[in-house]
Amino acid sequence: MEGNGNQAIELFNKMLRQGVKPDGVVFVGLLTACSHGGLVEQGRDIFKSMTSVHKISPQVVHYGCMVDLLGRAGFLEEALDLIKLMPMEPNDVIWGSLLAACRMHRNLDMAGYATERMKELASDRTGIQVLLSNIYASAGKWTDVAKVRRQLKEKGARKVPGSSSIEVNGQIHEFTSGDESHPEMMHIAAMLDEMHCRVEAAGHAPDLSNVLLNVDEEEKEYVLSRHSEKLAIAFGLISTDQGTPIRVVKNLRICSDCHSFAKLVSKTYNREIIVRDNNRFHFFQRGVCSCNDYW
């Protein structure tokens, strides 16, 4: 979860040298580590070794790990081919992994194909519909966005807002994207303005593709500036002493803009920033992240 893929492989090899026989659970952890670390070739070899060396038949969860690994790395066709060759029927988690990769790499055609396969499974997972809506929004297909969101509304579903929490002096402070109700908001807003000036001077340009709303660029920049993790980091800067690490927990995946923003904040303010999103840990120090920009 910390992105230490090579260390995971080293530990696995040590395990083999000591004669410990791996099971299916070990391979789930190993393939996940490869996925989080972008270790595509190693992941391919490990997956093949399950049957050829260790005589373990891959289960649907192992195929899911491989689809995630290949999809993140941009090998969408290979991921789709693997799904078609599975000895069991792919479930909605498999198709969901491919759909997430389609959003990352903006492949609308394959996203549509994955969505149709999920409909055949009669999946009622609202998260998939939200993901599809986000894919359409990223491509500026607002008519399709409206259609998907209307379907979600008819189901009574709603999109979970991004929220980030930070503990300061034993008290938990929770921030929701766009919410300005915190009692220290005046000071937080001032710090945000300062942060944006300093990181822009350091070369940061807002990635407006992360704003999935049909509004003008100025409004998109403002929405982006009020993402929950930015609010939490700003509060951490004004509420803790210099040199104190800032630890943030987020309920959703950190967006690419907040990720690049946090890197520059860690460098500009000489602070260690740790963000635990719903996918992994990110350790920001001196302008770099532990994930090596692969998440």
Side-chain angles (χ1 to χ4, degrees), residues 1-107 110-111 113-114 117-118 121 125 127-128 131 253-254 256 259 274-283 288-295:
M1 297 303 289
E2 295 184 8
N4 297 324
N6 287 315
Q7 291 92 322
I9 293 173
E10 289 174 10
L11 185 61
F12 175 69
N13 289 332
K14 181 179 180 181
M15 176 179 171
L16 296 181
R17 288 194 297 271
Q18 293 185 359
V20 181
K21 183 176 176 60
D23 60 11
V25 178
V26 168
F27 283 101
V28 171
L30 198 56
L31 291 172
T32 301
C34 288
S35 180
H36 282 198
L39 306 176
V40 178
E41 198 58 44
Q42 295 92 322
R44 289 188 182 116
D45 291 341
I46 289 166
F47 183 72
K48 291 175 184 176
S49 76
M50 287 182 67
T51 52
S52 64
V53 177
H54 304 285
K55 311 305 178 186
I56 297 175
S57 297
Q59 302 302 305
V60 66
V61 64
H62 301 108
Y63 282 97
C65 290
M66 283 302 297
V67 170
D68 187 59
L69 167 65
L70 295 170
R72 285 175 189 267
F75 296 98
L76 297 179
E77 293 291 344
E78 185 179 347
L80 182 57
D81 289 341
L82 181 65
I83 293 174
K84 292 178 178 178
L85 292 172
M86 287 173 57
M88 70 286 289
E89 285 296 316
N91 57 23
D92 57 351
V93 176
I94 296 285
W95 290 116
S97 293
L98 183 65
L99 192 59
C102 289
R103 182 196 174 187
M104 184 185 303
H105 298 287
R106 302 183 181 182
N107 189 320
M110 194 175 292
Y113 178 81
R117 302 291 79 74
M118 295 194 71
L121 295 171
R125 291 175 61 202
I128 297 302
L131 183 56
R253 191 173 176 184
I254 187 172
S256 60
H259 190 269
I274 302 101
V275 177
R276 171 66 167 98
D277 66 8
N278 72 343
N279 187 54
R280 66 181 299 161
F281 284 93
H282 295 270
F283 299 90
V288 297
C289 180
S290 59
C291 76
N292 292 317
D293 298 339
Y294 189 92
W295 80 102

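Predicted, not measured: the structure shown is a model, and the values here were computed from it.
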Legend entry - Close side-chain approach of Pro22 to Phe12, heavy-atom, < 4.5 Å: yes

Inset, instruction - Taking Glu41 for its side chain and Leu39 for its backbone only, find out whether a donor-acceptor pair lies under 3.5 Å. - result: no

Legend entry - Leu16 side, atom CG; Lys21 side, atom NZ - distance, nearest 0.5 Å: 10.0 Å

Inset, instruction - Kindly say whether His36 contributes a backbone atom to a donor-acceptor pair with the side chain of Arg280 at under 3.5 angstrom? - result: yes

Legend entry - Asn4 (side chain) donor-acceptor with Gln7 (main chain) under 3.5 angstrom: no

Legend entry - Any side-chain heavy-atom pair of Tyr63 and Pro87 under 4.5 Å: yes

Inset, instruction - Look up atom CE in Met66 and atom OG in Ser97, then write down how far apart they are to the nearest 0.5 Å. - result: 12.0 Å

Legend entry - Side-chain (Asp277) to main-chain (Ile254) donor-acceptor, under 3.5 angstrom: yes

Legend entry - For the student: nearest non-hydrogen atoms of Cys34 and Leu69, plus distance: O-CD1, 3.6 Å

Inset, instruction - Of all the heavy-atom pairs spanning Pro58 and Met88, show the shortest one and how long it is. - result: O-CE, 3.8 Å

Inset, instruction - Go through the steps to decide whether Phe47 and Phe27 satisfy the test ring-ring contact (aromatic ring centres under 6.0 Å, His included), and finish with yes or no. - result: CA-CA 8 Å; Phe47 183 72; Phe27 283 101; 9.2 Å; no

Legend entry - Leu70 and Arg44, any side-chain heavy atoms less than 4.5 Å apart: yes

Inset, instruction - Evaluate the side-chain proximity of Ile83 to Arg117: yes if any heavy-atom separation is below 4.5 Å, no if none is. - result: no

Legend entry - Side chain to side chain, Ile46 and Ile9, heavy atoms closer than 4.5 Å: yes

Legend entry - Any donor-acceptor pair under 3.5 Å from Asp68 side chain to Gly71 backbone: no

Inset, instruction - Say whether, by atom type as modelled, one donor and one acceptor occur between the side chain of Ser35 and the main chain of Leu31 under 3.5 angstrom. - result: no

Inset, instruction - Keeping the roles fixed (side chain from His62, backbone from Gly24), state whether a donor-acceptor pair exists under 3.5 Å. - result: yes

Inset, instruction - Check whether any side-chain heavy atom of Gln42 lies under 4.5 Å from a side-chain heavy atom of Asn6, and answer yes or no. - result: yes

Legend entry - Closest contact, heavy atoms only, Arg253 versus Asn278: N-OD1, 3.2 Å

Legend entry - Thr51 versus Ser57, closest heavy-atom pair with distance: CG2-CA, 4.3 Å

Legend entry - Separation of Leu80 CG from Trp95 CH2 (nearest 0.5 Å): 5.5 Å

Legend entry - Check: Ala100 main-chain N/O paired with His105 side-chain donor or acceptor under 3.5 Å: no

Inset, instruction - Measure the spacing between NZ of Lys48 and NE2 of His54 and express it to the nearest 0.5 Å. - result: 14.5 Å

Inset, instruction - Measure the spacing between CG of Leu98 and CG of Asn107 and express it to the nearest 0.5 Å. - result: 8.5 Å

Inset, instruction - Please report the shortest heavy-atom distance between Ala101 and Leu76, naming the atom on each side. - result: CB-CD2, 3.5 Å

Legend entry - Over all atoms of both residues, closest heavy-atom pair of Ala8 and Leu30: O-CD1, 3.7 Å

